[in-house]
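These numbers come from the heavy atoms of this one structure, side chains and all, not from hydrogens, waters or symmetry mates. Ligands are counted one by one from 1 in listed order, and the atoms in each one are counted from 1 as well.
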Amino acid sequence: MDYSAQVFLFGYATAAYQIEGSPSALNRTPSIWDTFTHPDPASGVKHTADGLSGDVATDSLNRWKEDIALLKSYGANSYRFSVSWTRIIDFTGEKKGKDAGGLDPPNEAGIKFYREFLEELIRNGITPAITLYHWDLPQALEVRYGGWRDKRIVEDFAHFAKACFNAFGDLVKHWITLNEPWCVAVLGYGYGVFAPGRSSDRAKSPEGNSSTEPWIVAHNLILSHAYAVKYFRENIKPVHGGEIAVTLDSLWCIPYDDKPETAQVAQRGMDARLGWFADPIYKGHYPASLKAMLGNRLPDFSAEEIAVVKGSSDFFGLNTYTSNLVQEGGTEEFNGKIKTTFTRPDGTQLGTQAQVPWLQAYAPGFRSLLNYLWKTYNKPIYVTENGFAAKGDVALPREEAVHDTDRVEYYRGYTSAILEAIHQDGVPVKSYFAWSLLDNFEWAEGYTVRFGVTYVDYETQKRYPKDSARFLKKWYEDHRQVPE
Ligand code: GBH
């Protein structure tokens, strides 16, 4: 198959809660992130580093035309963004819907907003890619039955997905069901650092069970994705065309030393971080190493369910930021009990350290990961996120922060790796979305970490291009004939 015939998508990614602000505009009701970022003040609890929330963020619900103009000025031919579930579905009549035993109605005001947004993108020659779920579960569903912990979520997610497909299917040809289900399950229900903040650790959360809930939540996420895709393929694709997949996040696990057993440890790490979701979706079963580790804590799919799950992605949606050196000796089930480090046996570091502890720049790992995915899952790859937060830049004045050398070097390495994977290794990579268009609300880090190629002055909401935006614009101009 000649993948090169299709247009390579180059652009930026964002997520609704990280940029939109205006939490009650257009009839929107709270998501679990609104709840999580507004704990009872009397409790003294703070769930974000600076105590702030996405209430304002980059004010993109109001500044969306400016954001699109910025994308255009950066030479992007595509934009990946997520829609806010509670702007698409109307939960204001929560009680009514429940009593009727039915599903909640569409929120026409929100749908109208996103349609205008899509039309403006298309007018500017920017191909939209929509993420349905980037972590903002309706609080109403959390309250109603425990959200992702309950199987009823599968029907509600499919209902939300249908509303989007039907409202935007004529304009959108690239769909992503879920963003990084590993993070939803592990950070939300294992470590309790993301909404809804559940964990066995009673210092962090009054309730939760880290040894069971993440696996149940993940199972329901996979089913939700799969049934949404089933609807899309049966009802939307025949009329409007388009492609759909899940987006998984993965780091690349590099064996710490050359002992043969360490290579197996690295595989176990890949199974837990990625195979947990990728194996059911692309191969039709959970990884054997996961089953061996968890026994009956890992839920089973019925024959009917797995038939829907298997093959439920048209492409491989990949978010990747870093690599880890791994060896035996870890205790953490969510990583496959691998021990991870950035420090090589000789004491040197794998790469340049970012502001966040989990991220170092290591482009060769990106190339290896792309090869691994192509070999293992045999689907064209859409890189849906990749980016860097330069260490210390949050403390810099704007005039200095816009000269983001570490981020430029990161992108230089990672964009070269993508070209090597395509041209030297023959891996079909079909998009590159950098994370992120703007500095924005960085979840548990609040506004203390900046991932944007655009500096946002949060006092004035003014946007200032960083050097990295110029670098990527030029990279794409220089190479656009190549991927195409
Ligand atoms: C992306 O995930 C998100 O999709 C995006 O919304 C976010 O803004 C961006 O990252 C930057 O952070 O708790 O120490 O085990 C990136 C993948 C995987 C990175 C989980 C953080 C948690 C590390 N993420 N990881 S830890």
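- Taking only non-hydrogen atoms, the option from Asn440, Leu187, Thr322, Thr247 nearest to atom 22 (C) of ligand 1 is Leu187.
- Close N/O approach between Arg273 and ligand 1 is not found [any backbone or side-chain N/O within under 3.5 Å].
- The ligand atoms of ligand 1 that sit less than 4.0 angstrom from a heavy atom of Glu385 are 1 (C), 3 (C), 4 (O), 5 (C), 10 (O).
- Residue-to-ligand polar distances keep Asp249 apart from ligand 1: every N/O pair is separated by 3.5 Å or more.
- Contact annotation for Val449 and ligand 1: no heavy atom of the residue comes within less than 4.0 Å of the ligand.
- Those atoms of ligand 1 with a heavy atom of Glu442 less than 4.0 angstrom away are 7 (C), 8 (O), 11 (C), 12 (O).
- Atom-to-atom distance recorded for Leu9:CG and Arg80:CZ is 12.5 Å, nearest 0.5 angstrom.
- Among Gly452, Ala444, Ala389, Cys183, the residue whose heavy atom lies nearest to atom 20 (C) of ligand 1 is Cys183.
- Taking the six-membered ring where tryptophan is involved, the planes of Phe8 and Trp475 are perpendicular, since the angle between them exceeds 60° and thus also 30°.
- A cation-pi arrangement, defined by a distance under 6.0 Å to the six-membered ring centre and an angle within 45 degrees of its axis, is present between Arg398 and Tyr464.
- Closest of all the heavy-atom pairs between Thr127 and Ser78 is O-OG, 2.7 Å.
- Looking at Trp135 next to ligand 1, no N or O pair under 3.5 Å apart turns up.
- In this structure, Gln18 has a heavy atom closer than 4.0 Å to ligand 1.
- Nearest-residue assignment for atom 10 (O) of ligand 1 (options Phe451, Tyr191, Tyr321, Trp182; heavy-atom criterion): Tyr321.
- Using a 4.0 Å cut-off between charged side-chain N and carboxylate O, Arg28 and Asp34 make a salt bridge.
- Not one N or O on the side chain of Thr86 forms a donor-acceptor pair closer than 3.5 Å with the backbone of Pro138.
- Considering each of Trp443, Phe334, Phe388, Trp358, the one bringing a non-hydrogen atom nearest atom 25 (N) of ligand 1 is Trp358.
- Distance alone, capped at 3.5 Å, places no donor-acceptor pair between the Lys72 side chain and the Ala76 backbone.
- Screening Trp435, Tyr410, Tyr414 against Asn386 for a side-chain hydrogen bond (donor to acceptor under 3.5 Å, both in side chains) leaves a single residue, Tyr410.
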